[in-house]
Amino acid sequence: MAKVCQLFSGSSGNSIYIGGKNSGILVDIGVSAKRCSAALWDIGVDPASIRAVFVTHEHTDHVAGLRVFASRHKVPVFASPATLEELRFCGIANNQVESHELTGVLDLGDMYVSAFHNSHDSADCVGYCVEMSDGRRISVCTDTGYVTDDAKKSVSGSDLVFLESNHEVSMLQNGAYPYPLKQRILSDKGHLSNAAADAFAKELVQAGATRIVLSHLSRDNNVPEIARLSAVSALSDMGAKENEDYRLYVSKPVNDGGMIVL
């Protein structure tokens, strides 16, 4: 059995909890250590029980509380070599933080964790696949301008996917963001649009995914109901029925709905 929860989502901070039979991990800590710990307690998880933290990339909304949380709870941190180098340069992965490069599959006993490459304007950006001891697979695919071949290969066949659905293109194009920022978000190193997320969601459901969690929604350029309706419509076009063939969730900036149990 696996339990998962998007504790925080969006530009104000991101963190995902994935728990197995005997332990749990975090993907990113983009809020303060205090807020992250409180959110874990809210879902019945002792912060001291976290086995490891896996970092997607070095942007503040993914690492704001990493140094304090990891040093306070003596939790090892894993990241790609380029991301880890950046974290060390910035003083986040300092000598008080046990940090490691993740270049293969990490065996945590009741789960196996591996990374795949995304496309984002950072030193490096990865997503993660977590295979549980019962064979269930959970993947985190956020912060990418497009779905890379590595992501498609790695994430396909997952039971549950946290999938970025950052913006509705028309809202972004007609919104108040400065032109350079709009171009950054729309670029191949920006963020995944609703339409791009919908296209990948169809591939995922065809490959056996039963749960899709739309994540990292923009507060300014998206609306949860628009993202949801867009995904449901796309999946309906291929004949998939919500709550029969799949379940769809939309992450809120701060979790208030407990955990998803697989």
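Heavy atoms only: backbone and side chains are in, while hydrogens, waters and symmetry mates are out.
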Checklist entry - Is it true that the side chains of N221 and H167 contain a donor and an acceptor less than 3.5 Å apart? => result no
Item to check | Any pair counted as side chain to side chain donor-acceptor pair (under 3.5 Å), so long as it reaches residues 248-262, sequence neighbours left out | outcome: Q6-S251, K252-D256
Next on the checklist: What's the separation between atom CD in E225 and atom OG in S230, rounded to the nearest 0.5 Å?
Outcome noted: 11.0 Å
Next on the checklist: Whether the side chain of N118 engages the backbone of T142 through a donor-acceptor N/O pair (distance < 3.5 Å, no angle test) should be reported.
Outcome noted: yes
Checklist entry - Any donor-acceptor pair under 3.5 Å linking the side chain of N222 with the backbone of S165? => result yes
Checklist entry - Hey, does the side chain of S37 reach the backbone of A33 with a donor-acceptor pair shorter than 3.5 angstrom? => result yes
Next on the checklist: Check whether S122 reaches the backbone of D124 with its side chain - one donor and one acceptor, N or O, closer than 3.5 Å.
Outcome noted: yes
Checklist entry - Around E131, counting heavy atoms of other residues, nucleotides and ligands shown, do more than 12 lie under 6.0 Å from its CD? => result yes
Next on the checklist: Would you say that S23 contacts D110 through its side chain, given a criterion of any heavy-atom pair below 4.5 Å between the two side chains?
Outcome noted: yes
Checklist entry - Quick one: ring-ring contact (aromatic ring centres under 6.0 Å, His included) pairs with a partner in residues 172-195, sequence neighbours left out? => result H120-H191, H191-H216
Checklist entry - Within the side chain of D134, is there an N or O that forms a donor-acceptor pair under 3.5 Å with the backbone of M1? => result yes
Next on the checklist: Test your reading of the model: is there a side-chain donor-acceptor pair from R228 to the backbone of L248, 3.5 Å cut-off?
Outcome noted: yes
Next on the checklist: How about CE on M238, more than 12 heavy atoms from neighbouring residues, nucleotides or ligands closer than 6.0 Å, or not?
Outcome noted: yes
